[in-house]
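Heads up: numbering here begins at 1 and tracks the sequence. Keep in mind the model is a prediction, meaning the values are calculated, not measured.
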Amino acid sequence: MLRPAGYRLAAVLACGAGAVLSHRSAAAHWALRPSAATAIDITSPKGAGRTRDGLRVHRTSLDQWERTEHDAVPITTPARTLLDLAEVVPRRSLARAVHAHRHGAVRLRALLADGRIGDALTRSEPEERVLAICERHRLPRPLVNARVAGLEVDFY
């Protein structure tokens, strides 16, 4: 009899090149939250976007930072797993996953509580450094890559 990781690996391999364990199944594999789902969630660039033969296939391509390997299983990173989970589970289930007892959970909860995720999308490391300086010295956070008088400026 296979361990759960064996079934998960078999499911990923069945979906072909580029497929990874994702969504509820990835959250269970990372021990972020248990899953009672009978279908295994897979993200694949060639996915059918439907459930078949015990697989729930999500069709999308992933950036390199969104994929990794854990226990020999190709899988979405914990960060991407939380994003995917946000699409498919109730709010309380997502909150429990975010409150998992893992390194960095306290910082992640603080970032989420700040309520400003995504409000300062930078395009370069120097822009990141300017925002870090503002934060360190408790300066007001500027708008980043904002439109001013019809032109895009780095900071406003």
### Query
Would you say S61's side chain and P45's backbone share a donor-acceptor pair under 3.5 angstrom?
no

### Query
For R56 and D41, which heavy atoms make the closest approach, and how far apart are they?
NH1-OD1, 2.9 Å

### Task
Mind running side chain to side chain contact (heavy atoms under 4.5 Å, CB included) on D63 and R80 for me, showing each step along the way?
CA-CA 10 Å; D63 289 334; R80 175 59 194 234; over 6 Å; no

### Heavy-atom pair with the smallest gap, counting every atom of L55 and I42
CD2-CG1, 4.5 Å

### Query
How far apart are the C-alpha atoms of F155 and N145, what are their side-chain angles, what is the distance that settles it, and do they pass the side chain to side chain contact (heavy atoms under 4.5 Å, CB included) test?
CA-CA 6 Å; F155 297 103; N145 297 310; over 6 Å; no

#### Entry: Non-hydrogen atoms of R8 and S25 that approach each other most closely
NE-O, 4.2 Å

### Query
For A19 and S44, which heavy atoms make the closest approach, and how far apart are they?
CB-CB, 4.0 Å

### Query
When clusters are formed by joining ILVMFWY residues with side-chain heavy atoms under 4.5 Å apart, either directly or through shared neighbours, do L2 and I40 land in the same one?
yes

### Query
Where do T76 and T81 land on the side-chain hydrogen bond (donor to acceptor under 3.5 Å, both in side chains) test, with the steps shown first?
CA-CA 6 Å; T76 52; T81 298; 2.7 Å; yes

### Query
What is the distance from atom OG1 of T60 to atom CG of D84, rounded to the nearest 0.5 Å?
8.5 Å

### Query
Do the side chains of I133 and V144 join up, straight or via other hydrophobic residues, at under 4.5 Å, putting them in one cluster?
no

### Query
Hey, is CD on Q64 packed in by over 12 heavy atoms from elsewhere, all under 6.0 Å?
no

#### Entry: Identified side-chain contact (heavy atoms from CB on, under 4.5 Å) counterpart of L21 within the set D71, L9, I75
I75

### Message
What I'd like to find out is whether the side chain of V89 reaches to under 4.5 Å of the side chain of R33, using heavy atoms alone.
### Response
yes

### Query
Taking the inter-plane angle between the rings of H29 and H70 on a 0 to 90° scale, is it parallel (under 30°), tilted (30 to 60°) or perpendicular (over 60°)?
perpendicular

### Summary
Closest non-hydrogen atoms of T77 and R67, given as atom of the first, atom of the second and distance, are CG2-N, 3.8 Å

### Task
Please step through side chain to side chain contact (heavy atoms under 4.5 Å, CB included) for the pair H58 and E87, ending with a clear verdict.
CA-CA 12 Å; H58 307 269; E87 295 178 350; 5.8 Å; no

### Query
So if you build clusters from Ile, Leu, Val, Met, Phe, Trp, Tyr with side-chain heavy-atom gaps below 4.5 Å, do L83 and L85 land together?
no

### Query
So how far is it from L32 CG to R96 CZ, rounded to the nearest 0.5 Å?
12.5 Å

#### Entry: R3 side chain to G6 backbone, donor-acceptor under 3.5 Å
no

### Query
Between T68 and W30, what is the shortest heavy-atom contact and its length?
CG2-CZ2, 3.7 Å

